[in-house]
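Side chains are part of it too, since the values below use all heavy atoms of this structure and drop only hydrogens, waters and symmetry mates.
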Amino acid sequence: MIYLDNAATSRYKPETVFSAVERELKNPANSGRGGHIASQRASEKILETRMFLENIFGGGCNVVFTKNCTEALNYAILGTAREGEVITTVNEHNSVLRPLAFLEKKGLIKIKYIDCDPSQSPIIIKNMLNNNTRLVAVNNISNVTSEEQDIAEIGKVVKENSDALFLVDGAQSLGHRKIDIKKCGIDLMAGAGHKGLHSPQGVGFLVIADGVKVEPVIFGGTGTASDSIFQPEELPEGLESGTLNTPAVAGLYEGVKWTYSNFDKINKHIDGLAGVLYEGLKEIKNLKIFSYGNAGIVSFFADCDLGLLSDLLSQRYSVCVRPGLHCAPLIHKKLGTFNSGLIRVSVGYNNSLSDIKSFISATDKILFELNKYMV
């Protein structure tokens, strides 16, 4: 199998991740739900992971664990919602667009969308900021085009010209970009364990800068203040109701540790292969590329049924890519691909040069056959 869908879930996981998950599955206990040694050990592992992540992102923050990046983004948006305006981009994933649309439909906020070259985003946002701006939400790297926003410059603009919160969707960039939230002026940042951080599915996180208040969206047992029917306000417990996915959190620790220990090697490998992929696809007739190659993502359009192309790649050549709208409808409307979608090819540490060459060859053969049939 040639797996080229790493932007959805990275295929490669280091052995330390498997060992950590297995260890927790074989010795389960519920963190924060008892004083016995097993519960304490689970709590220590979660605390160790939390502190490790807080340090990775520059300190001065709290890390709250969620089941995925989508839940983290919902917490960030719904948990800080105030009446006013929100600035975001047409590049955003539905994990941002849908909670914002929900709030706008309720009459709580007014959404302002920016649609510009990333180099112009800071100045456009600066001109849109006013006393009524409550939130600026951008993804660092688009999951469709791999377009990259200058989050450090945007954060500077937001902090110098407003009292708005700055939210970054780091789903595609974490593991490919090193981010210090204080230096970038970030108030809230959502991350996914299972993508560029080479960790298990089932765990994400929200990084919350010190002093930022996020209201709970989910209520329940936290293992603290059990004598009260009201949700505790303290972080992280106030935003972590119910049993945490301790095996996945333990795997996250090992995945992040491995990724940052091998950061340059991983990204040199991915960037190199993405470059070969980009140049190879450029040589195929009647194929249009809609991406920059950042974080290993190369998306393209061909004048055929892209779902059929993806199916044929899978059935004939055991190649895994993703067709469709990729849960980001506004960017497809901008690109003119709303009805067709795009094929997204996403390179990971699992891939080799032969994988890329085989994919390019297979795509060329199938498109030649489909175009011949259409004629």
Is there a donor-acceptor pair closer than 3.5 Å between any side-chain N or O of [X] and the backbone N or O of [Y]?
X	Y	answer
His176	Leu174	no
Glu148	Asn140	no
Asn68	Glu71	yes
Asn6	Ser346	yes
Ser173	Ile141	no

Check the side chains of [Y] and [X] for a donor-acceptor pair under 3.5 angstrom, ignoring hydrogens and angles.
X	Y	result
Thr89	Gln149	no
Gln172	Ser146	no
His198	Ser10	no
Ser43	Gln40	no

Could you walk me through whether Glu44 and Arg41 pass the salt bridge (Lys or Arg N to Asp or Glu O under 4.0 Å) test, one step at a time? CA-CA 5 Å; Glu44 288 168 1; Arg41 187 191 58 78; over 6 Å; no
Is it true that, when you exclude [X] itself, more than 12 heavy atoms of the residues, nucleotides or ligands shown sit nearer than 6.0 Å to its [atom1]?
X	atom1	value
Lys126	NZ	no
Lys257	NZ	no
Asp117	CG	yes
Glu48	CD	yes
Arg98	CZ	no
Lys159	NZ	yes
Lys105	NZ	no
Glu104	CD	yes

Between Glu215 and Arg82, is the closest basic N to carboxylate O distance under 4.0 Å?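 Salt bridge between Arg82 and Glu215, a charged N being under 4.0 Å from a carboxylate O: no.
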Carboxylate-amine/guanidinium contact Asp5 Arg344, below 4.0 Å: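 So Asp5 pairs with Arg344 through a salt bridge.
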Nearest 0.5 Å, please: how far is CG in Asp150 from SG in Cys184?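 Between atom SG of Cys184 and atom CG of Asp150 there are 8.5 Å.
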Could you tell me the separation between the CG atom of Leu313 and the OG1 atom of Thr363, rounded to the nearest 0.5 Å?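 Reported value, rounded in 0.5 Å steps: 4.5 Å.
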Can you classify the ring geometry of Phe359 versus Phe300 as parallel (below 30°), tilted (30 to 60°) or perpendicular (above 60°)?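 Ring orientation, 0 to 90° scale: tilted.
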With a cut-off of under 6.0 Å to the ring centre and 45° to the axis, is Lys288 in cation-pi contact with Phe301?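 Not flagged: Lys288 not positioned over aromatic ring of Phe301.
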